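Before any comments, here is the structure.
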Amino acid sequence: MAINYFSRCAKMNISAINLAMPPTSLSVKSRHVAVIGAGAAGLVAARELRREGHSVVVFERGHEVGGTWVYTPQVEPDPLGLDPNRPIIHSSLYSSLRTNLPREVMGYIDFPFVTRPGENRDPRRYPGHREVLLYLKDFAREFGVEEMVRFETDVIKVGILGDEKWKVRSKKSSFNDNNEIISKSNAEFDDEIYDAVVVCNGHYTEPRIADIPGINLWPGKQMHSHNYRIPEPFRDQVVIVIGSSASAVDICRDIAPVAKEVHVASRSVADETYTKQPGYNNLWFHSMIDHAHEDGAVVFRNGKTVLSDLIMHCTGYKYHFPFLDTKGIVTVDDNCLGPLYKHVFPPALAPYLSFIGIPWKIVPFPLFEFQSKWIASILSGRITLPSQKEMMEDIQAFYSTLEVSSIPKRYTHCIGQSQFEYNNWLATQCGCQGVEKWREAMYSMASVNRSLRPEMYRDEWDDHHLVSEAYEDFMKYLSASNL
């Protein structure tokens, strides 16, 4: 039932797309563009913008590229992430994290994510998080992106000026003894004017928390998976994990060997669900929590009651742009960022404000790449957007389709399987090659394999023919010595 739900969600996100190629402009312009964030989205945005002839500055509050792929053992002092004044840790990685997609699928189109020589490189097809970071650093080095990045620079405010310009206010940040980012309170603000701003700050830092009746009186501890790193703190505890996404699946298995009991609650399963996970004697799957008691009991919708020490919310994140001032033109409502034309441009501010990486349930890096090509080409005037009126009509038609299909607003940016149609539409706009057939097939087979082998899918698979096809395709970009 949950699979069908997300499938409908995915289809709706692409419903109003017109595959016609827009007109080409003969006047190509160079813009001065600010990119916010040097993660996977910001890096490829910077490359594509410069390829198109734009002048680019990338603002990165950390001291290295990689964004959310920069692991830190540090966690925030507020384990639920509700305190708006807490020091923010931008990474949500846990120590044991491995990718849940094969590396061939994950990489940028023209910079394959292949095994590379060197110490401490991870040759596995589903590598650990450090290998992904090293890949992003390889990409930045290969295309000279790092020279465009201002590290340890915190963007304080991005605001509209009257002449279709943008003012970006920033200041230098620094790190304390625990390698946590802190702002220099005595640092001077730096105000600069840009023609356009591309927002690539990610959306894995502002936690969403499940609404549980009675939780305010429940005496146990709570935390969000954003602050999970290693299993040892949960030794001999009874832990409830809320969620059914990749992080919940990984974390419940990560802590089961040390915890007394692990109970996983999910709203995407039937209310009567209650099953023990094969291969474990202390891991159960439940329907969602019904309510919590002040005596420490947690009652599930299946009628089971558990006395728990801790509830971990693996419940996703909110879009959050504390630095962005659009005078109310762009808002976030129930995790719907809008209005956005094709998840990228707010019509009233297009093309001078854009967002990369808003869609979810996707293969991120290639989607970022296609969005970046589109934005760069539009800013140069090589291709054009529809009128503001036409973009708003497209958005309203899309919203109406979601409403008629009873899809909640919070799933507006859920794309899923339709990501490939979306990517190909972007490629058509830009006049470039779309998604390779093997990549789409490999994504589908990986999803099936994950369902069939939930414990072993990262190490056992049946798509060897697609791997061979992928590496044949990679030969266009890599010499034999690199492979």
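Small disclaimer: the values here were computed from a predicted structure and weren't measured.
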State which residues pass salt bridge (charged side-chain N to carboxylate O under 4.0 Å, His left out) with Asp211; sequence neighbours excluded, sorted by chain then number.
none
Could you give the side-chain donor-acceptor pairs of residues 223-234 under 3.5 Å, partners two or more places apart or in another chain?
| residue | atom | partner | partner atom | Å |
| --- | --- | --- | --- | --- |
| His224 | ND1 | His226 | N | 3.0 |
| His224 | NE2 | Arg208 | O | 3.3 |
| His224 | NE2 | Gly316 | O | 2.9 |
| His226 | ND1 | Ser92 | OG | 2.6 |
| His226 | ND1 | Tyr204 | O | 3.4 |
| His226 | NE2 | Glu76 | OE2 | 3.0 |
| His226 | NE2 | Ile89 | O | 2.9 |
| Asn227 | OD1 | Glu76 | N | 2.9 |
| Asn227 | ND2 | Asp78 | O | 3.4 |
| Asn227 | ND2 | Pro79 | O | 3.0 |
| Tyr228 | OH | Asp254 | OD2 | 2.7 |
| Arg229 | NE | Thr72 | O | 2.7 |
| Arg229 | NE | Gln74 | O | 3.4 |
| Arg229 | NH1 | Leu93 | O | 3.4 |
| Arg229 | NH1 | His226 | O | 2.8 |
| Arg229 | NH2 | Gln74 | O | 3.0 |
| Arg229 | NH2 | Ser91 | O | 3.2 |
| Glu232 | OE1 | Arg235 | NE | 3.4 |
| Glu232 | OE1 | Arg235 | NH2 | 3.0 |
| Glu232 | OE2 | Arg235 | NE | 2.7 |

Under the rule for side-chain hydrogen bond (donor to acceptor under 3.5 Å, both in side chains), what residues qualify as partners of Glu455, not counting sequence neighbours?
Arg253, Gln277, Tyr280
How would you list, by chain and number, every residue that makes a ring pair (Phe, Tyr, Trp, His ring centres under 6.0 Å) with Phe323, sequence neighbours excluded?
none
Got a sec, which pairs hit side-chain hydrogen bond (donor to acceptor under 3.5 Å, both in side chains) with one end in residues 100-114, sequence neighbours left out?
Arg47-Asp110, Arg51-Asp110, Arg103-Glu131, Glu104-Arg125
Do Arg410 and Tyr317 meet the cation-pi criteria used here (NZ or CZ under 6.0 Å from the six-membered ring centre, within 45° of the axis)?
no
What residues form a side-chain hydrogen bond (donor to acceptor under 3.5 Å, both in side chains) with His465, not counting sequence neighbours?
none
According to side chain to side chain contact (heavy atoms under 4.5 Å, CB included), who are the partners of Arg98, at least two apart in sequence or on a separate chain?
Arg124, Tyr126, Arg458, Asp459
With Lys157, which residues qualify under side-chain hydrogen bond (donor to acceptor under 3.5 Å, both in side chains), at least two apart?
none
Testing Leu134, Thr115, Thr99 for side-chain contact (heavy atoms from CB on, under 4.5 Å) with Pro127, which one passes?
Thr99
Side-chain H-bond candidate by donor/acceptor type, Thr153 with Ser170, under 3.5 Å
no
The salt bridge (charged side-chain N to carboxylate O under 4.0 Å, His left out) partners of Glu393 (sequence neighbours excluded) come to Lys389
Does any pair with a residue in residues 324-338 pass side-chain hydrogen bond (donor to acceptor under 3.5 Å, both in side chains), and if so which ones, sequence neighbours excluded?
Asp333-Lys409
Any residue meeting side-chain hydrogen bond (donor to acceptor under 3.5 Å, both in side chains) with Asp473, in chain and number order, not counting sequence neighbours
Lys476
Can you sort out the partners of Tyr319 under ring pair (Phe, Tyr, Trp, His ring centres under 6.0 Å), two or more places apart, ordered by chain and number?
His203, His413
